Structure formats: C-alpha cells, structure tokens
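Have a look at the structure below before the remarks.
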Amino acid sequence: MNREGRVHVKNWLMGVGALALCAMAGGASAQINAGTMPSDPNLPFKLTQVTSFDYPWRLAFLPDGRMLVTEKVGHLQLVTQAGAKTEVGGVPPVYYQGQNGLLGVFLSPHYATDHNIYLTYVEPGDYGGGLAMGRGQLTFNADRARLTGFQVLWRQMPRGRGGQPGAQIAFSPDGNYLFLTVGERQRMTPAQDINQPEGKILRLTLDGKPAPGNPFAGKTGAQTIPLIDPPSNTETAKTAPVVSTYTFPGPNLTPSETWTTGHRTPYGLAFAPDGRLWEVEHGPKGGDELNLIEPGKNYGWPLVSYATNYDGVPIANPDTRPDLAKPAIYWTPIIAPGNLIFYKGAMFPQWNGSALMGGMATMTLSRITFDNKGGAKPAERWGVGHRIRDVEEGPDGALWLLEDDYPGGMFKVTPK
C-alpha cells in the first residue's frame, strides 16, 4: 500500500474507533443465536405457485399491480399477477456466473413522476465482473416493454473474480437518498479497507453520488488500489497475492460514499416503521447476521464471526472485539437469508411491524419482531420447502415469494 493509502486508512481507523467507543458507552443488547430454531411445517397460510423463472432474484410491484422480476441469467420480466410475462428490453449486459448476474430491481421513490427503475447487476469485464447500479425509464404498451435512457450511476472498480455481490437498495424514508449494499466478492480483506467499496453499505444520492452527511463526507481514498482473487479463508486472505492494481481516473470517492464497513454478503436491507435501518447477510460456515445499521460502524468481517471458515480454519469470536458492532441475531448453523422486508399490509394484520425473511439453506420463511429500541428476536420459522430468495408484499397485503432455482417458482401467500 502506498503512503497515501496508509494515511487514509489510519485516519479512517481513528474515526471508527471513536464511534465504536461511543457505542460501547451506550451499551448493547445480548446477541441471540436463532440457528437451531426448528422449522414449523404447519403453515398458517396457503402457498400457491403462479409461474416460474430462470433463477429469479428480485421482484418489484408497479402501481398497476403488475411486477418486474429479475432473472439472474440476464432477463427482466414484466409479469401480471396471473403469471403472464413480457420481457423488458433495454436491459444492460450482465456477467452471469455463479452468484453473479442481473440481481435487484427497485422502483424510484418518485416513480409516479419520473418512471425510473433502478437495477443492480454484475457488469462484465476483462477479468471477471463488478457490481453496477443504474436506472432507466420504464415504457410499455399492450404487448412490449422497455427501459429507455438507461444510465450507469455507480460501478465497482476494478472488476474481478468472486461472487457475493450484495446488490440490495433501500431508499431513505424521505425519498432523497439510497443505501446500496456491496458484498466483499469473496475477497474478504477489502471489507476492512476504506479505499475499496467491497464489504460496505454506501449512502448515495438518487443520482449515485456521495450523499451529504456521510461519516467521511468529503474524504477521498488512495488513488491506486489492489485487486486480489478470492482466497481460501480469512487467514490466507491476509497475504493473498495482488493480481493487478487499479488507478482511479479521478478522485477515489469510496470513503465519502461509505455508511458502514465490515460486511460479507449483505443481501437484505430495509427500513423499519420506526425509521431504523436493518440488514441481513450471510456468514461463512455459520454466522448469518441481522444487524442494526448505524453510520460509521464496523460490523467486523473478516476480523470476527460467530462461525468458522468453510475449511474449518477458526475466526475470532465477536466477543473478543468490543470495538466492533455485533448482530442483534445470528444463525449458527446458517439460514442463508435471501432478503428482508417489513410487513405493513392488511391480509396478515398480526404481522404488522414484523420483518419477514426468506431462508435459502433452510427452505423457510421467518418472522422477526422488534422492540423499537434497537432490539430484535426471532418469532416464527415456517418450512415452505423452497429456497426463498425474495419475499415482497403485494398491494393487497398478500406475500409474493421467489425461489432460488432453475427453474424457480413464484408463489403467492394468502391466509388459509
């Protein structure tokens, strides 16, 4: 690392340390391991398959009740609630490999006037791919649909190898900003490097620029950063060989974009009714997490985890690092969360204010309750027999689920 990079990292660590000490002074609630919670096969709802897709990832409802559904292989579908599909044109090319491809789809908070649709996806490059976020205007008639004027607003550079892209967006309650999750792409150590976007949650303007009021607003990072391939574990990551270096053509804005650091695979991000921001992410061999997201905090990966590496190499326990933020709930063994939403519909009024989360490894749908003080606890886990990648709430309060498979089903959830 060059001298400039060392100075930036030193200043960043000093700032994070001060924020962590403040958090410690304020106290923290005890962590809950929900990994051994049994799945209930007695479902209090009816699951009806409507149609299927090729590795569906996310869905978003339009005001007229139709849905946009991404397929990881690179397709965006306009879908009726009866299952009729129209492929949407104007979608950018994607790097479809492993966990990479076309990922998130999100309506602008001002869709009624701007008709903007945001996409997150892994963009192809000469050496692997890189997460990108862009938007275009949705236009459609009776038999065709298209994104027009699509523009890339943010991209991860350099492009490289590895999965775990993150790619979730949550818009701030006032509709003025967006939060973008960037996974660490299985490279581990960049999650602790403020000069690199991997393993971060970014807070941006709706145009993809650094948002004012971020913890390191106005700061720039090292002009040149290293690229590594995914290492075998958190120990070998410390000495992973540099494949290449990347020099930014302009200022490195990563520090000024960053809201939080130390994330692994942040696939779910949502605002609770009380305005708090919550995130779910995958751990390695255990240690999936539900985190309360607060500005400037470091969530520990790959320094600590309630888990080991896949090959059994140990990772320090979070209890050994009180300066790092701990999850409210963790899952060992894993649940493999797909995403996270807060329910506010009329069809299941008993769930209002609760979060719902799909579990891919456990083939479950889970409900989580919150105390409006920054605490959370598991409520129910239902065995649904499908790898649930996405759960979303429809206009009438029904739930809609996407299955992580090829083909993967779309299911409507209604009361029995």
Side-chain angles (χ1 to χ4, degrees), residues 16-40 181 191-192 199 201 234 259-309 314-337 339-343 351 353-359 361-362 364-382:
V16 169
L19 287 164
L21 288 172
C22 290
M24 290 164 60
S29 56
Q31 284 63 53
I32 299 172
N33 181 11
T36 57
M37 183 177 185
S39 301
D40 187 350
T181 68
Q192 292 295 324
I201 294 177
T234 53
W259 190 248
T260 57
T261 62
H263 299 284
R264 186 175 182 269
T265 313
Y267 279 149
L269 190 69
F271 279 94
D274 64 5
R276 288 182 170 88
L277 182 60
W278 293 86
E279 173 256 9
V280 289
E281 63 182 77
H282 291 201
K285 194 175 181 181
D288 294 346
E289 296 180 355
L290 170 72
N291 290 303
L292 173 62
I293 298 302
E294 297 179 295
K297 287 193 174 182
N298 183 341
Y299 289 81
W301 179 257
L303 304 176
V304 297
S305 177
Y306 288 110
T308 66
N309 286 279
I315 305 170
N317 189 289
D319 295 339
T320 66
R321 291 290 302 268
D323 56 317
L324 303 175
K326 295 180 182 179
I329 301 173
Y330 67 95
W331 288 267
T332 299
I334 64 166
I335 193 170
N339 79 322
L340 185 76
I341 67 162
F342 283 86
Y343 187 79
W351 296 349
S354 297
L356 297 168
M357 179 185 74
T362 50
T364 55
L365 178 66
S366 292
R367 185 170 75 91
I368 302 167
T369 59
F370 298 80
D371 63 8
N372 298 319
K373 298 177 183 178
K377 64 179 182 179
E380 284 129 344
R381 184 198 288 188
W382 298 291

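Model, not experiment: these values are computed from the prediction. We number each residue from 1, following the sequence as shown.
In this structure D274 satisfies the side-chain hydrogen bond (donor to acceptor under 3.5 Å, both in side chains) test together with R276, sequence neighbours excluded. Legend: residues meeting side-chain contact (heavy atoms from CB on, under 4.5 Å) with A325, ordered by chain and number and at least two apart, are K297, Y299. When the side-chain contact (heavy atoms from CB on, under 4.5 Å) test is applied to D371, the partners found at least two apart in sequence or on another chain are K373. For R367, the salt bridge (charged side-chain N to carboxylate O under 4.0 Å, His left out) partners two or more places apart in sequence, or in a different chain, are E380. Residues passing the side-chain contact (heavy atoms from CB on, under 4.5 Å) test with T265 are Q164, Y267, H282, sequence neighbours excluded. Shown here are the side-chain hydrogen bond (donor to acceptor under 3.5 Å, both in side chains) partners of T308, two or more places apart in sequence or in another chain: there are none. By the ring pair (Phe, Tyr, Trp, His ring centres under 6.0 Å) test, W259 pairs with F179, sequence neighbours left out. Partners of W301 under the side-chain hydrogen bond (donor to acceptor under 3.5 Å, both in side chains) rule, at least two apart in sequence or in another chain, are E184. Evaluation of the side-chain hydrogen bond (donor to acceptor under 3.5 Å, both in side chains) rule for T260 yields H263 as partners, not counting sequence neighbours.
A donor-acceptor distance shorter than 3.5 angstrom exists from the side chain of D288 to the backbone of I335, with no hydrogens or angles considered. A distance-only check finds a donor-acceptor pair linking the side chain of E281 to the backbone of R264 [under 3.5 Å]. Looking at R381, its side chain does come within 3.5 Å of a backbone N or O of M37 through a donor-acceptor pair.
When side chains are defined from C-beta on, K377 does not count as touching I368, because their heavy atoms never get closer than 4.5 Å. Residues P378 and I329 meet the side-chain proximity criterion, which asks for heavy atoms closer than 4.5 Å.
Taking both residues in full, the closest heavy atoms of W278 and G374 are given as CH2-O, 3.4 Å, listed atom of the first, atom of the second, then distance. Nearest heavy-atom pair, P266 versus T181, reported as atom, atom and distance to 0.1 Å: O-OG1, 2.8 Å. Shortest non-hydrogen contact noted between Q31 and P327 is CG-O, 2.8 Å. Looking at every heavy atom in both residues, G358 comes nearest to L365 through N-CD1, 4.5 Å. The minimum heavy-atom distance between F271 and F342, with the atom names listed, is O-CD1, 3.4 Å. Of all non-hydrogen atoms in N309 and P284, the two that sit nearest each other are CA-CB, 4.4 Å.
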* Stepwise, does the side chain to side chain contact (heavy atoms under 4.5 Å, CB included) test hold for V280 with E289? -> CA-CA 5 Å; V280 289; E289 296 180 355; over 6 Å; no
* To do: Evaluate the side chain to side chain contact (heavy atoms under 4.5 Å, CB included) criterion for residues N317 and V304: first the C-alpha distance (whole Å), next the side-chain angles of each, then the deciding distance (0.1 Å), finally the verdict.
  => CA-CA 5 Å; N317 189 289; V304 297; over 6 Å; no
* Asked: After noting the C-alpha distance and the side-chain angles of K285 and I334, does the key distance pass the side chain to side chain contact (heavy atoms under 4.5 Å, CB included) rule?
  -> CA-CA 7 Å; K285 194 175 181 181; I334 64 166; over 6 Å; no
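One distance of note links CD1 of I293 with CG of L269; it measures 7.0 Å at 0.5 Å rounding. Distance CG/L356 to CD1/I341: 5.0 Å, rounded to 0.5 Å. In this structure, W382 CH2 and S366 OG are separated by 8.0 Å, a value rounded to the nearest 0.5 Å. To the nearest 0.5 Å, atoms CG (N298) and CG (L303) are separated by 6.5 Å.
Applying the side-chain hydrogen bond (donor to acceptor under 3.5 Å, both in side chains) test to pairs two or more places apart or on separate chains, those with a residue in residues 326-336 are D319-K326.
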